[in-house]
Protein chains: 2
Amino acid sequence: MSDSPEDTIVAAVLDAVAEQRLPAGAKLGEQALSDLFECNRANVRRALASLAAQHVVELRPNRGAFVITPSPKEARDIFQARRALEHTIARHAAGQAKKADITYLRRNIAEETQARRAGDKPAELRLSRQFHMSLAGIAGNKVLERFLSELTMRTTLILGLYATAGGSHCAEDEHDRIVDALEAGDADELARLTDEHLHHLEAGLSFKTPKPVGSNLRDQLLGPVATNM
Amino acid sequence: MSDSPEDTIVAAVLDAVAEQRLPAGAKLGEQALSDLFECNRANVRRALASLAAQHVVELRPNRGAFVITPSPKEARDIFQARRALEHTIARHAAGQAKKADITYLRRNIAEETQARRAGDKPAELRLSRQFHMSLAGIAGNKVLERFLSELTMRTTLILGLYATAGGSHCAEDEHDRIVDALEAGDADELARLTDEHLHHLEAGLSFKTPKPVGSNLRDQLLGPVATNM
DNA sequence: TCATCAATGATTGTTAACAATTTATGTTAA
DNA sequence: TTAACATAAATTGTTAACAATCATTGATGA
């Protein structure tokens, strides 16, 4: 199960971002990574190049690699793209969901609800993302799946930056209703619910109070101060 | 206008693929590239990693980098994804096309027609791709634009592998009608025409006679021999 | 003649040392 | 105290040499 060091690093960074352990703006030093994963810097750099190509990290010349911090405009673009992709995914998933898929999704929702009640935000985020990716898997289009994977990753960063208190868990029973439509094979309803769900998610954002992205210490000690313009 | 060597290489490879000078399966040797672009192998490898992340080249361990050869299934996925993206792009472009955009697109079509009549296939492919990318630019969503850029690139490879004689230029006046709808601001019609256009393109493919992909020399010297399964 | 195998050449992968740049630290002067 | 400047440390970028792997060629034997 052990991949190349490059893939290991990429997977680890993506997992960390998906659970919001790595916040937007975090620096990914080459030496730190090569120490952590016990490999040489060449592998680290390839991994960072891959992550940069996925727009999950940003490579600033002579500065290093940083987790991206999506702007409000980028956030809008990403949600718009997600609606385009997930609309199509919904339509194609409707036809070919098996019984096993439905039970898997129900279980996923249950776990997500549990995580939310337990206050386990990393697990909640990971499971919510997994829900959307599972639908993409059912649709069976690898291209759409990969694109959506990238966008859900960036959505997690967006939520970390712009989510309001009430916004992020308005999706309470929406996932449930989505599975209902999937089970019923109602493509139109499924597509409609998916669109709606994403609109609700986006509506829960606020770009007026940008949680600042800093060098880790300052915002943990001094709290939010608007630094980025 | 001179970027980093990495970006130069990436751009050059993408241009070559977009004009079908680099066919599917072509090998991209590290030394060959570092000689061509007068840089060290480290830059070449980063460039190849980026191209691999865009799924334009494939990195086979200990073998090297090769231009991908899309399978029929991948071709279907790619067209499905393109319809999803370009449908949304069409809807959003309809609202905000300026006069300059229209004249630019008309000129683009004229050049494409001219290239087709002159039998200049590379130019024709490049201009056709440019047409679709210009629409994406008008829509103003960078995410959709980048995704479509990747898919049009891979579409060029698909056409090189599976295009039939009559199929590739059935698009004769379809681009024209698309601009008509865009100019009229008719979002529904624009979306419909775009869908139709992509369906026609896909319908012009044939997966029964796979033009074989070889090590550059063989198929240029010996002609098509079915090697890939 | 054909298949198998060994040796050679070419290509990719890895590593370490060095150079260039940025960031942090400390000092000095107003 | 603050600002500007100089020094030192840390980080990224580059290069070259070496190791490992793969492809090709030629030889050997049935």
Side-chain angles (χ1 to χ4, degrees), chain A residues 2-13 22-23 25-53 56-69 212-222 227-228, chain B residues 2-13 22 25-53 56-69 212-222 225 227-228:
Chain A
S2 166
D3 265 323
S4 72
E6 176 190 333
D7 294 336
T8 307
I9 296 174
V10 170
V13 170
L22 266 181
K27 168 152 193 183
L28 301 174
E30 294 188 0
Q31 192 143 310
L33 289 175
S34 66
D35 288 352
L36 253 173
F37 295 95
E38 292 172 346
C39 62
N40 50 26
R41 273 173 57 208
N43 293 56
V44 171
R45 305 194 83 189
R46 270 213 315 248
L48 292 175
S50 283
L51 289 165
V56 171
V57 315
E58 183 187 5
L59 254 45
R60 296 185 219 163
N62 291 321
R63 297 280 177 83
F66 302 81
V67 177
I68 59 157
T69 80
V213 171
S215 354
N216 255 345
L217 264 184
R218 193 190 35 201
D219 31 68
Q220 285 177 356
L221 297 178
L222 304 180
T227 58
N228 52 350
Chain B
S2 167
D3 266 322
S4 72
E6 177 189 333
D7 295 336
T8 307
I9 296 174
V10 170
V13 170
L22 265 181
K27 168 152 193 184
L28 301 173
E30 295 187 359
Q31 191 143 309
L33 289 175
S34 67
D35 288 352
L36 253 174
F37 295 95
E38 292 172 348
C39 63
N40 51 25
R41 272 173 57 208
N43 293 51
V44 171
R45 305 194 87 197
R46 271 214 314 245
L48 292 175
S50 284
L51 290 165
V56 171
V57 314
E58 181 187 7
L59 253 45
R60 295 184 220 165
N62 291 319
R63 296 282 177 82
F66 300 82
V67 177
I68 59 158
T69 81
V213 171
S215 356
N216 247 350
L217 266 184
R218 194 189 33 199
D219 33 76
Q220 284 179 356
L221 296 178
L222 303 180
V225 182
T227 59
N228 53 350

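To find a chain, count down the sequence lines: A is the first, B the second, and so on, and within it residues start at 1.
When the options Arg45(A), Arg41(A), Arg46(A) are evaluated for a salt bridge (Lys or Arg N to Asp or Glu O under 4.0 Å) with Glu6(A), the one that passes is Arg46(A). Tested against Val10(B) for a side-chain contact (heavy atoms from CB on, under 4.5 Å), the candidates Ser50(B), Ser4(B), Pro5(B) yield a single pass: Ser50(B).
The residue among Cys39(A) and Pro61(A) whose nearest nucleotide of DNA chain C lies closer to the 5′ end is Cys39(A).
Atom pair Arg60(B):CZ and dT12(C):P shows a separation of 12 Å (rounding to whole Å applied). The CG atom of Asp35(B) sits 14 Å away from the P atom of dA10(C) (whole-angstrom rounding). Across the protein-nucleic acid pair, Leu28(B) atom CG and dT11(C) atom C1' stand 14 Å apart, rounded to whole Å. As rounded to whole Å, 12 Å separates atom C1' of dA19(C) from atom CZ of Arg41(A).
Distance check, rounded to the nearest 0.5 Å: OG1 of Thr8(B) to CG of Leu36(B) gives 12.0 Å.
Within residues 43-52 of chain A, no residue places a heavy atom under 4.0 Å from DNA chain C.
The side chain of Lys27(B) places an N or O atom within less than 4.0 Å of a non-bridging phosphate oxygen (OP1 or OP2) of dT12(C).
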Compile the donor-acceptor pairs under 3.5 Å between side chains in residues 56-67 of chain A and protein atoms, sequence neighbours left out, one pair per line.
none

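Interface limits on DNA chain D: the 5'-most and 3'-most nucleotides within less than 4.0 Å of chain A heavy atoms are dT11(D) to dT14(D).
Between Leu48(A) and Glu30(A), the shortest heavy-atom contact is CD1-CG, 4.2 Å.
Backbone-only contact: Arg63(A) has heavy atoms under 4.0 Å from sugar-phosphate atoms and none from a base.
Counting only heavy atoms from C-beta outward, the side chains of Cys39(A) and Val44(A) approach each other to under 4.5 Å.
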